[in-house]
Amino acid sequence: MAVGPQTVAPGASGGGAAPTVPSVPTQTELLEFVRRTAADSELVSTLPLDPEGRTWIRLAGPAGSEAWIISWPPGTGTGWHDHGGSYGAFATADGALQEDSLAARLPTEGWKTLELAEGVDRERKLAKGDARAFGSHHVHEVRNESDSEHAVSVHAYYPPLPLMRRYSRTGAVLRLEQVERPQEWQ
């Protein structure tokens with residue numbers, strides 16, 4: 001019979017051991033995972049590339065997180081979205097990606113349209129090997145701006161994505177357009 005790891009409370013002697021609380025991955029662990037996975041050229045090469053649409057492979061991430069390898073044909077992107085309260089990390093395995101994000105915490109409920117304050121926009125280019133972690137309130141869009149080269153990236157999220165909110169943006173106005181559930185993208 002296999003038994004999982006157990007811990008003994010400080011000062012306790014032997015008997016009555018309590019089970020260990022399951023571990024939750026940190027942002028640092030997710031970042032290390034996506035970097036390591038993006039550097040695994042054999043695994044990354046198993047992703048089929050489509051010239052017109054994004055493709056993906058789902059992976060088991062560390063400590064119950066969910067992970068994906070995603071291809072980005074030239075000129076494709078995600079549009080503005082969040083990760084439904086999950087935190088995570090992503091790394092570029094091939095090509096380059098442009099990330100635009102908001103340095104502001106948005107309310108998660110009760111609004112349809114927001115006017116963004118000046119100075120909340122952030123830009124980042126992630127070339128092959130670059131990676132970043134993000135918190136549970138991160139709102140961004142990711143694009144492959146190349147005219148001719150595919151990009152490939154590795155993403156990890158914890159907890160596994162409960163939903164994604166999709167937004168449209170015109171100037172400083174951000175509008176909630178859609179809420180997607182996991183069954184819609186799996």
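Side-chain N or O atoms of H81 include none that pairs as donor or acceptor with a backbone N or O of V139 at under 3.5 Å. Side chain of D82 to main chain of R165: a donor-acceptor pair is present (N/O by atom type, distance under 3.5 Å, no hydrogens or angles). No donor-acceptor pair under 3.5 Å is formed between the side chain of R35 and the backbone N or O of T37. A donor-acceptor pair is defined here as one N or O able to donate and one able to accept, closer than 3.5 Å; no such pair exists between the side chain of T113 and the backbone of R175. Distance alone, capped at 3.5 Å, is enough to place a donor-acceptor pair between the E66 side chain and the L161 backbone.
Shown here is R122, whose CZ atom has more than 12 heavy atoms of other residues, nucleotides or ligands within 6.0 Å.
Residue pairs meeting the ring pair (Phe, Tyr, Trp, His ring centres under 6.0 Å) criterion with at least one partner in residues 26-55, sequence neighbours excluded, are absent.
Looking at every heavy atom in both residues, H155 comes nearest to V34 through C-CG1, 3.9 Å. The two residues P182 and P162 come nearest to each other via the heavy atoms CD-O, 3.2 Å. Scanning all heavy atoms of the two residues, the minimum distance from T78 to E141 falls at OG1-CA, 3.5 Å. Across A156 and L30, no two heavy atoms sit closer than the pair CB-CD2, 3.9 Å. Scanning all heavy atoms of the two residues, the minimum distance from A96 to K125 falls at CB-CE, 3.9 Å. Across every non-hydrogen atom of S168 and E177, the tightest pair is OG-OE2, 2.6 Å.
Linking ILVMFWY residues whenever their side-chain heavy atoms come closer than 4.5 Å, directly or via other members, leaves M164 and I69 in distinct clusters. Grouping the Ile, Leu, Val, Met, Phe, Trp and Tyr side chains by contacts below 4.5 angstrom, directly or via other members, places L49 with I57. Follow the hydrophobic side-chain contacts under 4.5 Å out from L59 and you reach V152 in the same cluster. Criterion: ILVMFWY side-chain heavy atoms under 4.5 Å apart, direct or through other members. Under it, L47 and V154 are part of a common hydrophobic cluster. The hydrophobic cluster containing L176 does not contain V173, counting ILVMFWY residues as joined when their side-chain heavy atoms lie under 4.5 angstrom apart, directly or transitively.
The shortest side-chain heavy-atom distance between E149 and P74 does not fall under the 4.5 Å cut-off. At least one side-chain heavy atom of S86 sits less than 4.5 Å from a side-chain heavy atom of P159. Put simply, the side chain of T76 does not reach to within 4.5 Å of the side chain of S71, judged on heavy atoms.
Taken from OG1 in T26 to CD in E32, the straight-line distance is 7.0 Å, to the nearest 0.5 Å. The CG atom of L163 lies 10.5 Å from the CD atom of Q183; values are rounded to the nearest 0.5 Å. Between I70 atom CD1 and F90 atom CZ the span is 9.5 Å, to the nearest 0.5 Å. In this structure, OG1 on T55 lies 12.0 Å from CH2 on W68, to the nearest 0.5 angstrom. Summarising the geometry, atom CH2 belonging to W72 is positioned 14.0 Å from atom CG belonging to D94; distances are rounded to the nearest 0.5 Å. Atom-to-atom distance recorded for S101:OG and R124:CZ is 6.5 Å, nearest 0.5 angstrom.
In terms of the side-chain hydrogen bond (donor to acceptor under 3.5 Å, both in side chains) criterion, residue partners of D100 (sequence neighbours excluded) are, by chain and number, Q98, R143.
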Side-chain atoms of residues 126-135: list all donor-acceptor pairs with protein atoms under 3.5 Å, sequence neighbours left out, distances to 0.1 Å.
residue : atom : partner : partner atom : Å
D130    : OD2  : A127    : N            : 2.8
R132    : NE   : E99     : OE1          : 2.9

